[in-house]
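What follows is a set of notes on a single structure, which appears directly below.
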2 protein chains.
Amino acid sequence: MPVTISDVARAAGVSKGAVSYALNGQAGVSEDTRRRILSTAAALGWTPSLRARSLSSSKAYALGLVVARNPRLLGTDPFFPSFIAGIETTLADSGYSLVLTVATQTGSEEASYRRLAHEGRVDGVILSDMRTDDSRIALLLELGLAAVTLNRPDTPSPFPAVCMDDTEGISQAVQHLVDLGHTRIAHVGGTQHYIHGLSRRNAWANTLKLNGLETDLFIEADFGATEGVAATADLLARDNAPTAIVYANDIMATAGQAYAQQQGLRIPADLSVTGYDNTEYAQYLNPALTSIGSDPLLWGSSAAQVLLNQLDGTHDGADVVLPAPRLITRGSTAAPHNRSSSGSK
Amino acid sequence: MPVTISDVARAAGVSKGAVSYALNGQAGVSEDTRRRILSTAAALGWTPSLRARSLSSSKAYALGLVVARNPRLLGTDPFFPSFIAGIETTLADSGYSLVLTVATQTGSEEASYRRLAHEGRVDGVILSDMRTDDSRIALLLELGLAAVTLNRPDTPSPFPAVCMDDTEGISQAVQHLVDLGHTRIAHVGGTQHYIHGLSRRNAWANTLKLNGLETDLFIEADFGATEGVAATADLLARDNAPTAIVYANDIMATAGQAYAQQQGLRIPADLSVTGYDNTEYAQYLNPALTSIGSDPLLWGSSAAQVLLNQLDGTHDGADVVLPAPRLITRGSTAAPHNRSSSGSK
DNA sequence: ATGAAAGCGCTAACAG
DNA sequence: CTGTTAGCGCTTTCAT
């Protein structure tokens, strides 16, 4: 039989209310009695019941994360496991837990948020994979859930954002290639209704324009290996085939690189390649992949912290800006071998 | 103001108790009144409060998963995201949620289980990454948590297990290599205190013995790319360097393959390589990686189902055996090019 | 500053 | 079979 607040109250010779005040650090008890209560509570080994607190305080003491992804792409992406690990480092000593939901079916995403809110499972959610004109902002407002967003959405949002600029890394990659002498630099982008899919493309295009280069070599893919290969095949078959391809993530770069090699191209001599994420295996590819090293762990812990602060009113409402991921140069990028403008096929 | 059980009771002209019975499908109300109650509940849009139910029924209506992994390896492994997605497919229409915990610090794993149990966050947990003489079994017994294990532990366990044999795939891989004419087949295993690290090694060794071959070419690594490379370097530097290496997972195989290529070896001509997991990118490597295709999604959904059944008393206690992962042959394996016994370096 | 007591919304034991 | 009622353990209002 676990010890309850009544036991503590009796042992300390006060009322349950006093114990509650003492526990929550609220006014209503003198410093002396508070200490006495707390120490007898510790002596009895009392821990407040989460369920009872939840019921009477109408709080869940939990945060939610809804991951909406194609299951096939899920296992491929190094982001979420690390991101979640980051969230956990913050939650570990906070009394809060993480409720994770995976929405693989289209349409089940909204249902997930609704359920989380309706059942009162969580007090707030972390919004990742922000989309253009993201409908979740209105949804969460309707549901009355607190939230943080990963990067600031393109529509007005009342929620604080934790930002990690992904344009700087891409700009560095493009500039790196330009400096090496490339003039036909393609971009295999991710799904463009994701903010980060779009912003990476824009960074690529802007940097090219700054250098007076064309931005016609663009293909949208889905961040997956299959479409990464298809996009690569498409680009390499063109008359003005690129001498370098900037991919929106490592898995597409990896798959694209392998495809190009199968087609007889040497990397980086015939084709330079860059990725994004700096996946663990990127350095072990052949050649090692030039990539952009983000920090999902930090992003996760920061996002959780901001949300926690928001929930207890500590947050000032300002966005938090994290250091921008930077380019990591490896063997997959080099000066173009020859400048002939002929297609490669 | 949300509608409560009292509102329903009043509207239906019955007591709260009757509504509760109707809701939970228990005896105590006639079929007629039950239908009436349920329909007025639906009419009023009533949903029972999870928190109130939790408090009075002493149940959490949630399952727990504690992931204890080195954060660096976490992002590399395709297992967990898919596995969790599998869990979710089962939980989606069950009223249960998943509480996820990541234990990156050594020692924090036990603390995680204790907290989950102590706070009453979950009714049961899914035990993955089973270890030899796994201390978690005693721990969970002490904590009074229900559980399912992924594969049967090597110590007596009262918990049902959901099994997916990983020895068959490895045996197939080894036999495949033997059939191709290889005689020096190495194994770069995973951490051996994991059951699946050990069992894969045993499968490798047993299959070699069946073919009258030596089992001296073994190195233990940690399932990570870095140690995969180190192990590969070690093996290739030996006098009796292998002509084929069976890796315990894809990331080590990928890293090892790239290392071998950097050393000037052609794959598969000079060295055949196999992985495990059939990661999405495996087919896009150069050459495409022969691997063993497990099904973490199925594993996750099955494990969650068994645990759910156990919680509501529906489970018969028997282990569930899932189809064994099978070998998927690709370009990284072929007959050895020449049979010279010289080292490769 | 302190204590009593009324909920929070549901479950389950009990009486009818 | 049905309805009543006493909790579950905590928070919080309201007197004292």
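For the numbers below, each heavy atom of this structure counts, side chains included, while hydrogens, waters and symmetry mates do not. The chains referred to below are lettered A, B, ... by the order of the sequence lines, with proteins before strands, and numbering in each begins at 1.
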Given atom [atom1] of [X] and atom [atom2] of [N], what is their separation to the nearest angstrom?
X        : N      : atom1 : atom2 : answer
A:Arg10  : C:dG3  : CZ    : C1'   : 15 Å
A:Lys16  : C:dA4  : NZ    : C1'   : 10 Å
A:Arg35  : C:dT2  : CZ    : P     : 12 Å
A:Glu119 : C:dC10 : CD    : C1'   : 15 Å
A:Tyr21  : D:dT12 : OH    : C1'   : 5 Å
A:Asp7   : D:dG9  : CG    : C1'   : 10 Å
A:Ile5   : C:dA5  : CD1   : P     : 16 Å
A:Glu31  : C:dA1  : CD    : P     : 11 Å

Review point. So, the side chain of A:Asn24 versus the backbone of A:Ser20: is there a donor-acceptor pair under 3.5 Å, distance only?
Key: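 Confirmed, A:Asn24 side chain pairs with A:Ser20 backbone.
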**Study point:** A:Ser294 side chain vs A:Pro296 backbone, donor-acceptor pair below 3.5 Å
**Key:** no
Exercise for review: In plain terms, say whether A:Arg136 and A:Glu142 are close enough for a salt bridge, that is, a side-chain N and a carboxylate O under 4.0 Å apart.
Suggested key: no
Review point. Between A:Glu109 and A:Arg131, does at least one N-O distance fall below 4.0 Å, as a salt bridge requires?
Key: yes
In terms of side-chain heavy atoms of [X], which of [options] is nearest?
X       : options               : answer
B:Trp46 : D:dG9, C:dC10, D:dT11 : C:dC10
B:Thr4  : C:dC10, C:dT2, D:dG9  : C:dC10
B:Ala52 : D:dG3, D:dC10, C:dG9  : C:dG9

Exercise for review: Using a heavy-atom cut-off of under 4.0 Å over every strand shown, decide if B:Ser54 touches base, sugar-phosphate, or nothing.
Suggested key: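 Counting heavy atoms under 4.0 Å across all strands, no contact is made by B:Ser54.
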Check your understanding: How is B:Ser58 classified with respect to the nucleic acid when contacts are heavy atoms under 4.0 Å: base, sugar-phosphate, or nothing?
Key ->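 Since no nucleic acid heavy atom lies under 4.0 Å of B:Ser58, the category is nothing.
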Exercise for review: Could you say whether A:Gly13 or B:Leu55 is positioned toward the 5' end of DNA chain C, judged by the nucleotide with the nearest heavy atom to each?
Suggested key: A:Gly13
Hey, is the side chain of [X] poking within less than 4.0 Å of OP1 or OP2 on [N], counting only N and O atoms?
X       : N      : result
A:Ser20 : D:dT11 : yes
B:Ser56 : C:dC10 : no
A:Ser30 : C:dT2  : yes
A:Arg53 : D:dT11 : yes

Review point. Should A:Leu297 and A:Phe83 count as side-chain neighbours, where that means a heavy-atom distance under 4.5 Å?
Key: no
Exercise for review: Select from B:Val14 and A:Tyr61 the residue whose nearest nucleotide in DNA chain D is closer to the 5' end of that strand.
Suggested key: B:Val14
